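Below: one structure, written as structure tokens.
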Amino acid sequence: MTTLDQTVADSTLTDPTPTNRTPTEAAATAAPAHGIPDPAVLVARRRPGHVLEGPFYTSPEIFALDIDAVYAKQWIFVATEPEIAEPGDYVTIDLGRYSVIVLRDDDGQVRALHNVCRHRGSRVLLEERGSVGNLVCGYHQWTYATDGRLLHAGEQPPEFDKACFGLRQVAVRTVGGLIFICLATSPPEDFDDVADRIEPYLAPHDLANTKVAAQVDLVEHGNWKLVMENNRECYHCEAGHPELTCTFFPTYGFALEDIPARLMPAHARYLKAGVDLARACDERGLPHAEIEELTDRSTGFRIQREPLDGAGESYTRDGKAACRKLLGDLDIPRLGRLSMHTQPNAWFHFQADHVVTFSVLPLAADRTLVRTTWHVHRDAVEGEDYDLDHLTEVWSRTNEQDGEFVARTQAGVSSPAFVPGPYSSSEYQVDALVTWYLQRLQEHLGR
Amino acid sequence: MTTLDQTVADSTLTDPTPTNRTPTEAAATAAPAHGIPDPAVLVARRRPGHVLEGPFYTSPEIFALDIDAVYAKQWIFVATEPEIAEPGDYVTIDLGRYSVIVLRDDDGQVRALHNVCRHRGSRVLLEERGSVGNLVCGYHQWTYATDGRLLHAGEQPPEFDKACFGLRQVAVRTVGGLIFICLATSPPEDFDDVADRIEPYLAPHDLANTKVAAQVDLVEHGNWKLVMENNRECYHCEAGHPELTCTFFPTYGFALEDIPARLMPAHARYLKAGVDLARACDERGLPHAEIEELTDRSTGFRIQREPLDGAGESYTRDGKAACRKLLGDLDIPRLGRLSMHTQPNAWFHFQADHVVTFSVLPLAADRTLVRTTWHVHRDAVEGEDYDLDHLTEVWSRTNEQDGEFVARTQAGVSSPAFVPGPYSSSEYQVDALVTWYLQRLQEHLGR
Amino acid sequence: MTTLDQTVADSTLTDPTPTNRTPTEAAATAAPAHGIPDPAVLVARRRPGHVLEGPFYTSPEIFALDIDAVYAKQWIFVATEPEIAEPGDYVTIDLGRYSVIVLRDDDGQVRALHNVCRHRGSRVLLEERGSVGNLVCGYHQWTYATDGRLLHAGEQPPEFDKACFGLRQVAVRTVGGLIFICLATSPPEDFDDVADRIEPYLAPHDLANTKVAAQVDLVEHGNWKLVMENNRECYHCEAGHPELTCTFFPTYGFALEDIPARLMPAHARYLKAGVDLARACDERGLPHAEIEELTDRSTGFRIQREPLDGAGESYTRDGKAACRKLLGDLDIPRLGRLSMHTQPNAWFHFQADHVVTFSVLPLAADRTLVRTTWHVHRDAVEGEDYDLDHLTEVWSRTNEQDGEFVARTQAGVSSPAFVPGPYSSSEYQVDALVTWYLQRLQEHLGR
């Protein structure tokens, strides 16, 4: 017989059980023959510094929990003020099974309203974006003002009190032209503190006076956390993002002592560019120092102005500005990137010539919408001041590449054979995201 | 900082908790963190006069319950006798996961049989309609007579008793040419009473001697109850159905005291047409009085002969008959519409010149088949006595419009932010349908 | 009133309750209003000699159980050695949510590795087949040798021990060129015994020195057990497989006393061909006697060399060889078919001129992949020694026809009205498959 003996040789390769489990945890793992362990058990037994277990990315139950504990409770970045520049302008946002209208009311205020008629529950607005005078439900013509008040409902008895049937309000905040909503009735209170601290960084770019040059919706085939985790490290950039690494220093995320020798020339360029940038900022009063509070608070964030490689001006192949009209009162293009992360669903790059925002919205356990929006000066003229393909090239390609990474990881972690591996030091912001996420689950489950 | 303060202003707008809940109900709501409350709790806490809560339209569990408690227990309208005019003619009907053969057997009787071979369970008939001599399962050639008896099964041992392996029978009743089936072993007994009372209304139209001029299957993207609820009111007709409201009086469903001033001219026309219609009916011995027993019985129904607007003859844009050959022995076209509702899944319009039937069959929690069938006199010749587009225009357009209403409502009630609103008086038949439905669930859950 | 009375006439036709249930079983059936009975109850109450109940084919819970108890525990046929002829050649196999790399390592050994990077869980190889030097995860470039050892992982701290992060091994065995894997950590030990006994049958065909002439993946719309059950009987062949029955004796599976009169001429041909075949085999030392151990052991199997009808050489319309180059050292083409079944997922036909293998891989409760692979002598030249269409015609057509049978059965057994029917004597191997399957479930559930 020609059968080859392939008996497993190395028990360290095949033992899926982390060695530091308590008996209780081991029992919990074994218990549910079909289905997943209790989420609280999964949260409790996460190994620090390691990737989450598979069910966090694949289980519909945990997806529902993520919506409840994270997307329906935290401040979520959903749009920018230039998207709804005029009174009556709106966008509709799907968050899990919620649909929310984000609009500018007749008084110019930004508002968020549940997109559900108070009569029979029909969606009021069907389009992704548009402009309205009033909000009229197309089913039975219940009519609401842009601030949500019910103005008209036909065939109602005398005792019907219109004041009780306005569209339900959603909490909303704006900072530096960015619009965040929170579906909870008691939104995290720390947003104002965060806003106070980041507003000076953002304000000089005057986002409110930009226009949307392009917006791309990409549906990635993976869990929203894989999308975010991928964003929070550049360990994969050097091999995975040829366009991005023209200007994105490949040492992003590395602790100094972990930078490999082959990256030291890049690090030297980075240090030099950093000195130049600090000087330019200080001369103009632009804040640039890092603030990093990614965990231990509801509105986790990170902000820092950092140099770009190449010409150092913008996310283009050569690093030169993609738009000739600079934003706000900025007088030089070489101001690197003002980069900000907000937990759980966004990142932002503000350059002197344009702003790119990224909003990550979960669609299902294994599907996620990534909305990328490029903003240029309101008066910039396409074809004259900027070329659209040139403006969007780096992040369009980068997003597509990241979509592939997310899809292959979703497929991999779906295997019951998946064992969470360790993060390297250059993935510390991934660890921070995961830690922040587990803190939110604990808060939610603990109540 | 430019953040606008959008703190929720009006607690009546944002509090999703109806004020009249008991603590028990509130606890029940809070209990299942993921998933829906117990259906019995949802049934018990329904606010009278209000729309059902969201899970009734979105939950797969409640969809399964609907099949068990309603579609597998009640009399369901599925086809008409002209669809199976000759012995061997059949249609196959999908009801949830059931497949049922409705056919005319060799003795001319209408029968219903489960479409499942008694051997290995293969579907016996794969087509939606056709004509057969015997019913032969294509897998192993087990062969059944049109009355369901097993005639032949190959390779069986001597002790095999063919009498034990006939196709399983499904209860069936016909009235006025309409075919109803009931999947339960003990079908509701009140069908005969209903049949006795509606048969005199239907008989003069002699549906059994019509032919099918057209049949359209429309898959609507909403729960079957949204499809039915939409049918049970015309609050949405004036704005939503331009073709239908040419002849459908827009005051349908209104209590007299609730008719708005702007509809009083239509109401005056309606009253005049009603007097004319009553006289024409009385002269011919045609029953026309309303019978309305929509709740409190298994076979809930409503029947009434009502005038049509315009020429008053048929559902066409100008109200004139769409077919020159009148049905049965009817001698004038201006006999309005004999309209009937049967719970849970059908409505019917019998005119002097044609009959339209509507059968609503659930496919999933959020998908529903609406089958519309137009019947004209058996001897009517297409292109001569009737034009197909003209005959089908009003209800084809109306169905498509209703499909849009259903889809936008399905999307809306899927939001966790949906709060059931109040029915207006003109929606009293929607309330009746919902009440009938909840009674059936209570009966089912109570056992 | 014209209603016809169709009351159910024959209680034996309509009573879905098998008469031999204990009260406990009846209660268990009634208990779960929505959902399925406990699988252990379903297993326990199976009526011997009868088809399984519907949930075995439709329930996602039982599908997950099947993966756990059968596909992740038993030896599963997944590929042949010629598919990975050279070091570095690989195929990736999806088994439920597992992805497994089957490859030939640098030492020429066949290996199986979980296709999950030990870092963040990304799939390592994305293609269905190919050839590699090392296995490099495309996300962060972790690099593994073809034996699974981790060779390189960037940016790791000094204490990182590469020996702990090799790709997880999967048990693998080959016999006669066929590759079986087992996902369990303690694979069934009886494989070696089976291999010892079948290897003499297979060896003369020298599969390892063939090449793949064609491979077809067919997704059938039914549960994997319906696919397998369909394979295990030829009761349906006479009416269902015109191409196959040119050479496949239609008495396959019949006990002698059950062969119907009309098939006696075919049986006479079969007996004559059998005598001829036995003589030819005995002269050449080829084993041909039946071994049938389909139940009562983990690695259930059946093997026998049997005559073919017509020219008796191969599965073609006229029974003549499809390839002029015979396999191994075989010197005459008329050696019938060496047919082998292995539980749970494969069958094989070895002829003198070619080998066809069939691997059944479950995709979902109602979708199954059937992979068919035709092998000819490594030196055979397409267009000269064999014609591809001619080689593949019989089994391509047969598979397509079987796919239709499976789909109609899946639809039928999904009806709640389905009552499992009795197997005929010619379906005894179906019964054996089902019995083997239930034994495995009992073993799994009993622990």
Side-chain angles (χ1 to χ4, degrees), chain A residues 1-16 33-35 50-54 57-58 226 229-230 233 235-240 253-255 257-260 262-263 404-427 430, chain C residues 61 64-65 67-68 72 96-100 109-112 114-124 126 137-142 147-149 153-157 160-161 163-177 183 185 191-192 195-196 199-200 203 208 444-445:
Chain A
M1 162 178 146
T2 61
T3 306
L4 303 173
D5 191 308
Q6 301 288 343
T7 319
V8 168
D10 179 355
S11 71
T12 62
L13 293 186
T14 55
D15 183 356
H34 306 293
H50 283 70
V51 176
L52 294 171
E53 291 186 63
Y57 304 107
T58 60
L226 292 182
E229 291 168 25
N230 174 78
E233 49 93 358
Y235 185 6
H236 68 279
C237 289
E238 199 182 1
F254 278 81
E257 63 273 23
D258 293 323
I259 296 175
R262 67 190 163 76
L263 294 183
E404 294 297 314
F405 292 136
V406 165
R408 71 185 296 156
T409 307
Q410 182 72 27
V413 299
S414 296
S415 171
F418 165 55
V419 178
Y423 291 125
S424 68
S425 59
S426 64
E427 293 167 293
V430 185
Chain C
E61 288 81 9
L65 180 62
I67 298 295
D68 289 351
R97 292 166 61 174
Y98 295 88
S99 174
V100 178
Q109 284 213 338
V110 175
R111 292 211 174 245
H114 283 291
N115 188 13
V116 186
C117 184
R118 293 297 303 274
H119 174 219
R120 298 255 294 270
S122 172
R123 284 222 174 152
V124 176
L126 302 184
C137 178
Y139 199 171
H140 302 92
Q141 278 64 55
W142 283 35
D147 61 4
R149 281 175 301 123
E155 342 297 359
Q156 297 305 322
F160 181 80
D161 180 3
C164 293
F165 294 96
L167 291 179
R168 295 182 64 200
Q169 304 275 333
V170 174
V172 66
R173 288 285 188 287
T174 69
V175 55
L183 291 164
T185 45
F191 186 89
D192 292 339
D196 284 346
E199 204 272 345
H444 182 81
L445 295 169

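Just so it is clear: chains get the letters A, B, ... in the order the sequence lines come, proteins before strands, and each one is counted from 1. Every heavy atom of this structure was used, including side-chain atoms; hydrogens, water molecules and symmetry mates were not. Being a predicted model, the structure only gives us computed values, none of them experimental.
Of the atoms belonging to A:Glu233, it is side-chain heavy atoms, and not backbone ones, that fall under 4.5 Å from chain C. When heavy atoms are compared at a cutoff of 4.5 Å, A:Phe254 approaches chain C solely by way of its side chain, counted from C-beta outward. Interface remark: A:Pro420 contributes backbone atoms only to the contact with chain C (heavy atom separation under 4.5 Å). For C:Val124, the part sitting under 4.5 Å from any heavy atom of chain A is the backbone (N, CA, C, O) and nothing else.
Surrounding CD of C:Gln156 are more than 12 heavy atoms belonging to other residues, nucleotides or ligands, all under 6.0 Å away.
When all heavy atoms of C:Val116 and A:Ser415 are compared, the pair lying nearest together is CG2-CB, 3.7 Å. Here the closest non-hydrogen pair linking C:Ala153 and A:Tyr235 is C-OH, 4.2 Å.
A donor-acceptor contact shorter than 3.5 Å links the side chain of C:Arg168 to the backbone of A:Ala417.
Here NE2 of A:His236 is found 11.5 Å from OG of C:Ser122. Values are rounded to the nearest 0.5 Å. The CZ atom of C:Arg123 sits 13.0 Å away from the CZ atom of A:Phe418 when rounded to the nearest 0.5 Å. Interatomic distance, SG of C:Cys117 versus CZ of A:Arg408, reported as 9.0 Å (0.5 Å rounding).
A:Arg262 and C:Glu155 are joined by a salt bridge, as a carboxylate oxygen and a charged side-chain nitrogen come within less than 4.0 angstrom of each other.
Considering only heavy atoms from C-beta on, A:Glu238 stays 4.5 Å or farther from C:His140 through its side chain. Residues A:Tyr423 and C:Arg120 are in side-chain contact: their nearest non-hydrogen atoms beyond the backbone lie under 4.5 Å apart.
At a cut-off of 3.5 Å, with distance as the only test, no side-chain donor of A:Ser414 or C:Arg97 sits close to an acceptor on the other residue.
Put simply, of C:Gly154, C:Ser99, C:Ala203, the one with the most heavy-atom pairs under 4.5 Å next to chain A is C:Gly154. For the options A:Asn230, A:Val406, A:Val430, A:Ile259, heavy-atom pairs under 4.5 Å to chain C are most numerous at A:Asn230. Your options are C:Gly138, C:Pro157, C:Ala208, and the one with the most heavy-atom pairs under 4.5 Å with chain A is C:Gly138.
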